[in-house]
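Presented below is the structure to which this report refers.
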Amino acid sequence: MPVSELRAAMHQVADMVADYFENLEHYPVVPKIRPGDVRAALPPAPPNEPEPAERILADYRALIEPNTTHWNHPGFMGYFAVTGSGPGVLGEALAAALNNNAMLWRTGPASTELEELVCDWLRQMMGLPAEFKGHINDTASISSMLALTAARQRVRDFDVRRRGLAGRSELPRLRIYASEQAHSSIAKAAIVIGVGLDNLRKIPTDKEYRMQPAALAAAIREDRAAGMCPMAVVATVGTTSTTSIDPVPEIAAICRREGLWLHIDSAYAGVAAMCPELRALMPGLGEADSLVTNAHKWLFVPSDCSVLFVRDAEQLRETFSIVPHYLSTSEEATNLMDYGVQLGRRFRSLKMWMVLRAFGVSGLQERIRNHCRLARMFADWVRAEPGFELIAPVLFSTICFRAVPDLPPAQQDEFNARLLQTVNAAGPVLVSHTQLNERYAMRIAIGSLRTEERHLAAAWKLIRDTHREMLSSGYGRR
Ligand SMILES: *Cc1c(COP(=O)(O)O)cnc(C)c1O
């Protein structure tokens, strides 16, 4: 593509992006299509001859944009939002143009130093200790896996990095502890690092879905007595179902006493520590050995951008660094390839830098506070509505609730599932669900930059209207 053509096409893309953000709300959040529909609309084989940019972009407009789920949509209230902001889009586009691969400082000086800088900005915003060093990965799942690999490397003199785990009958079983509300990525990390799912011990939670420290201490004691080797505890600050907060100070005290690595998974809520009143809800973040938070969730950086903080970055380097001859350098500088698995890495810090600058800390705080305010407002509506109940405390911007028709439990669950399905099929909102105490729950998570009070009011009206129609059609009767 000659530069003159690229210039014209990029101007066109600029208009397409702006049009998209302007008109986004007219799309249903989830496209009304079935699996296979997108493939069926596209040629099964690659084009043999070059195609002009206009035709490619026209097909993007007609076939791709409308057939995607719109995570940037103001009605996106499922899972945890990953909303891209304008400044983030600019950073992503420019990063693609530079196409930097910062494996070594020398192969990406600005990329390496900007990554260190923006991670330190975020560290300051969250009030984390000065010794914490941040490192950008694609996702929280990978960040947690890297942290737990470093934890594994630190266990006694096992030297798993060099000697592996298999075939070593002298080794005891390694154990990781996390609450029963922990994210599935912790289980996946246990699979990858050779600890195994059976050795991820799930610790019970209290009524508000927080890990019980006494149960943790008892589990560690029991495992030691059985000859096993406790290795790490994962505390979750902002669990995926209800955003509950494990009691980190008590857990950290146990980890210190037992010599265990403490990893904090705060993929969603961690960034909210930039607001002092929210930081007060999550004491002890600075006591972790490692902590992950996602800039692509509540920091409005387009996906993907996950920040892993470690208290002692040397531990990551000792775990992962392998320098083949062709990558050796003479500079005294950070080489990002030493702090994880991947060699090649793209310039993710650029978009984060642009977001932090364009919003400013106060602008980000304002957005996060507003989402929390909207969540409290929605929770008040649910509380005031006969036939509905809130089923978890609303700590940040997530609400778990359900309808309680006069039906036996299993049918109540079915009723709620049907209600959710009908609401989502309407188009303007996406609400997701979870399971709490083995019961079905609807879950609204506010995190899109574009969500305003009117969108929540529309969502709530849709839920109530659907609920009323289901009851009047006799669905809710025994
Ligand atoms: C979203 C989330 C994850 C997974 O994040 P990815 O970046 O998609 O891997 C893990 N833990 C918690 C608590 C989360 O909210």
Side-chain angles (χ1 to χ4, degrees), residues 69 71 76-84 88 122 126 134-149 176-193 200 202-203 205 209-211 232-248 251 262-273 278 281-282 285 288 290-309 340-342 345-346 348 351-352 368 371 375 392 395-400 430 432-436 443-448:
T69 292
W71 284 71
F76 189 100
M77 299 172 191
Y79 316 105
F80 284 128
V82 294
T83 52
L122 182 61
M126 292 172 62
H135 187 80
I136 299 181
N137 296 299
D138 54 359
T139 56
S141 303
I142 297 301
S143 292
S144 290
M145 184 201 79
L146 298 177
L148 289 169
T149 312
I176 298 174
Y177 306 83
S179 94
E180 55 197 13
Q181 291 291 322
H183 190 264
S184 55
S185 56
I186 306 306
K188 286 197 178 179
I191 295 171
V192 175
I193 69 175
L200 169 61
K202 296 288 183 75
I203 306 298
T205 53
Y209 310 104
R210 301 172 294 205
M211 188 194 290
V233 178
V234 179
T236 313
V237 170
T239 55
T240 314
S241 280
T242 68
T243 73
S244 62
I245 302 168
D246 286 341
V248 172
I251 293 169
L262 173 59
H263 176 62
I264 295 182
D265 177 3
S266 57
Y268 152 77
V271 296
L278 295 175
L281 298 178
M282 28 185 168
L285 296 183
S290 54
L291 176 149
V292 60
T293 191
N294 277 353
H296 67 237
K297 274 183 176 159
W298 218 0
L299 205 66
F300 317 120
V301 175
S303 194
D304 49 13
C305 190
S306 170
V307 180
L308 172 64
F309 288 105
V341 172
Q342 61 180 106
R345 48 191 4 262
R346 60 200 206 83
R348 292 194 183 88
K351 57 188 172 180
M352 189 164 152
I368 287 176
H371 288 162
L395 300 168
F396 299 101
S397 66
T398 300
I399 310 112
C400 292
L430 174 67
S432 61
H433 61 90
T434 188
Q435 200 180 39
L436 292 169
R443 181 178 166 288
I444 281 191
I446 303 160
S448 168

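For ligands, and for the atoms within them, numbers begin at 1 and follow the listed sequence. Computed from heavy atoms alone, side chains included, the values below leave out hydrogens, waters and symmetry copies.
- Looking at Arg443, its side chain does come within 3.5 Å of a backbone N or O of Ser241 through a donor-acceptor pair.
- Without hydrogens or angle criteria, Arg345 side chain to Ile136 main chain gives a donor-acceptor distance under 3.5 Å.
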Item to check | ring-ring contact (aromatic ring centres under 6.0 Å, His included) between Trp298 and Tyr268, intermediate numbers included | outcome: CA-CA 6 Å; Trp298 218 0; Tyr268 152 77; 4.8 Å; yes

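- Screening residues 294-305 for salt bridge (Lys or Arg N to Asp or Glu O under 4.0 Å), with sequence neighbours left out, gives Asp304-Arg346, Asp304-Arg348.
- Near ligand 1, heavy-atom contacts under 4.0 Å come from Phe80, Thr139, Ala140, Ser141, His183, Ser185, Gly238, Thr240, Asp265, Ala267, Tyr268, Asn294, His296, Lys297.
- Within the 3.5 Å criterion, the main-chain N or O of Thr239 finds no donor-acceptor partner in the side chain of Thr243.
- Enclosure of atom NE2 in His371 by more than 12 non-hydrogen atoms of other residues, nucleotides or ligands within 6.0 angstrom is indicated.
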